[in-house]
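Basis for what follows: all heavy atoms, side chains included, without hydrogens, waters or symmetry-related copies. On a predicted model such as this, the values are computed, not experimentally measured, just so you know. Chain letters run A, B, ... following the sequence lines, proteins first and then strands; every chain starts at 1.
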There are 2 protein chains.
Amino acid sequence: MPTLIDIARRTGVSGATVSNVLRGRGSVSVKTAERVRSAANELGYRPNLFARALAEGRAPTIALFFTNITNPFYAQFTLEAEHAARRRDHFLLVCNAARPDGTLDTAYLDAVAGPLSEGLIVLGSDLGRKNLLSMLPAGVPAVLSIWEAPDAYPSKPCVTVDFRAAGRLAAEHLLELRHGSIAILTGGTSGVPIHNMRLAGAVAALRQAGIDLPKARIVVDEDSIGGGYRAACRLLESDPHITALLATNDLLAIGALQAAAERGCPVPRALSIVGITDIWMAAEMRPALTTVDIATASLAEGSVNLLLDLIADPDGVPSDALRVVGAPRLIRRASTAPPST
Amino acid sequence: MPTLIDIARRTGVSGATVSNVLRGRGSVSVKTAERVRSAANELGYRPNLFARALAEGRAPTIALFFTNITNPFYAQFTLEAEHAARRRDHFLLVCNAARPDGTLDTAYLDAVAGPLSEGLIVLGSDLGRKNLLSMLPAGVPAVLSIWEAPDAYPSKPCVTVDFRAAGRLAAEHLLELRHGSIAILTGGTSGVPIHNMRLAGAVAALRQAGIDLPKARIVVDEDSIGGGYRAACRLLESDPHITALLATNDLLAIGALQAAAERGCPVPRALSIVGITDIWMAAEMRPALTTVDIATASLAEGSVNLLLDLIADPDGVPSDALRVVGAPRLIRRASTAPPST
């Protein structure tokens, strides 16, 4: 591709003059400026923004780390983060930190953080649990996003959602419909839930209504459609009186819808199911999934903006900054109704 | 972040010497080299790979353009492309070319192609139909991937799958199960199919078996779960004798599964459904979707490799190069069975 030097050669002026003309700087005669511009057009010159940005001491890219972009929530976050980055003249590198075998590629972080992007967004509590955070190179601006346990990582700024409110809204919706026999499906590995705050919010709302969930009514399984299917099967088998399931994630809720369908249990007539997140698939289910929208676009935009603020002024953002963005809201669809009497 | 200059200041040598030491070039005394390296460590210096790459006349990024990454196939392709790019020391910029209102952001292409990445992969026939291709800046290496109509764009190298074989495999599977009353769901807008080759392969296989599908048995709708649902509803309403649906994409097939469930039509006992692609959701459906795997990982790797070849030697790849990668293969799951008699 043609460079500034090619334009300089063709017009017989210095490279510095060409640069000044193309960047609208310095003082150049109108005639020379015109010659430079037409030579640039003829040659098909395209400015190298990376080179320009680096000369000005900044990089135009930020990196987004997650385990695996095929998770529909991560894909949706990526879309919104990319729109937000573009609005601030930045571009997005996607970094799937999970290797095909499920282990974490920590060398990736080292290759990207600093050398290839001025900062990074680490998305999702699952990466924290896998200790990606402890490997973050010092001095590289990083923001944690959608962190469910911000207390556990006091040394990095966080952007999060009021997940406690999201859990509460889902529970209150079921209570409002007059469900009394409720069970919760939540994501986690080895029985340890990762959606701590959503779970706490839901449990607290139920308790406030006088419902103290026995331990057997809270099932932890893999945070996936398959996990939700298994958890719902277990719950429905062990207790046929359950009239409503609250899933702390939409993938789990979608698995629960499948479990109900397979058991010939009509949703919502015999069983109500509510999720949390509002991934695009929620609206596409039949029945369409009632869920709590966690404002993914606000979360993504908030994460990009906090990171760019941090890059612009590393001392301007406290390391324990916690920005709570958006406001969860209930999206009533077809998977919930009053219990049949 | 610390720069070469900071290290030079601390050690009292020139920036060029620091650069030589850190890149293992030139001739520097062992003692000086040690001082430079320990200063780099102390300061937490991290090399700027972009700057280095640009100085060497190459950029470490390639850009991936598609309409919208929330499409599960695009997300899966992105994951695989990123792994392939990493194996060749490149990083991936994701570019969602569709604006939230559905129109195409062509300025994006202009900002990225050349200035921010040495080359790009344009993924999906939908972008071609929207004329993104006509806006590709001349001289920027670009590869079209998963192109269903390569003849329509003779001026750019393509990487594709033998989609005709994929369509044929899906049809032959239904024929093998002895279905005679088959209908096809295909994606497209305004009645114009976009999965031309899959459709042609399926129609040809049926014709070879003596089945000439009437026009009413091929329904075109939006290439989505909702589109598949609508198309299947229309087909099943108009003709209760249909025993099998062939969808040219998994999203359509998933919509058809929903339509069948809602009508109380058991799959596969009363209706078989087969898709094409094998997105991750296919295995997660209940019943799990029988489909034709189009080897997304090979497609992604082939696209990245062709682009990097083109960047390395623009004259080494003919502009009408067509690489057909992978080999479609049938994935038998639970959504197909012989028709009940």
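When each of Q258(B), E262(B), E222(B), R234(B) is checked for a side-chain hydrogen bond (donor to acceptor under 3.5 Å, both in side chains) with Y229(B), only E262(B) meets the rule.
For M285(A), the parts lying near chain B are the backbone and the side chain together; criterion is any non-hydrogen pair under 4.5 Å. For L251(A), the part lying near chain B is the side chain, with the backbone staying farther off; criterion is any non-hydrogen pair under 4.5 Å. Interface remark: Q76(A) contributes backbone and side-chain atoms alike to the contact with chain B (heavy atom separation under 4.5 Å).
When the side-chain hydrogen bond (donor to acceptor under 3.5 Å, both in side chains) test is applied to E82(A), the partners found at least two apart in sequence or on another chain are N96(B), Y108(B). With sequence neighbours left out, D105(B) forms a salt bridge (charged side-chain N to carboxylate O under 4.0 Å, His left out) with R86(A), R99(B).
Comparing L79(B), I254(B), I225(B) by heavy-atom pairs within less than 4.5 Å of chain A, the highest count is held by L79(B).
In this structure, R87(B) places its CZ atom where more than 12 heavy-atom neighbours from other residues, nucleotides or ligands lie under 6.0 Å away.
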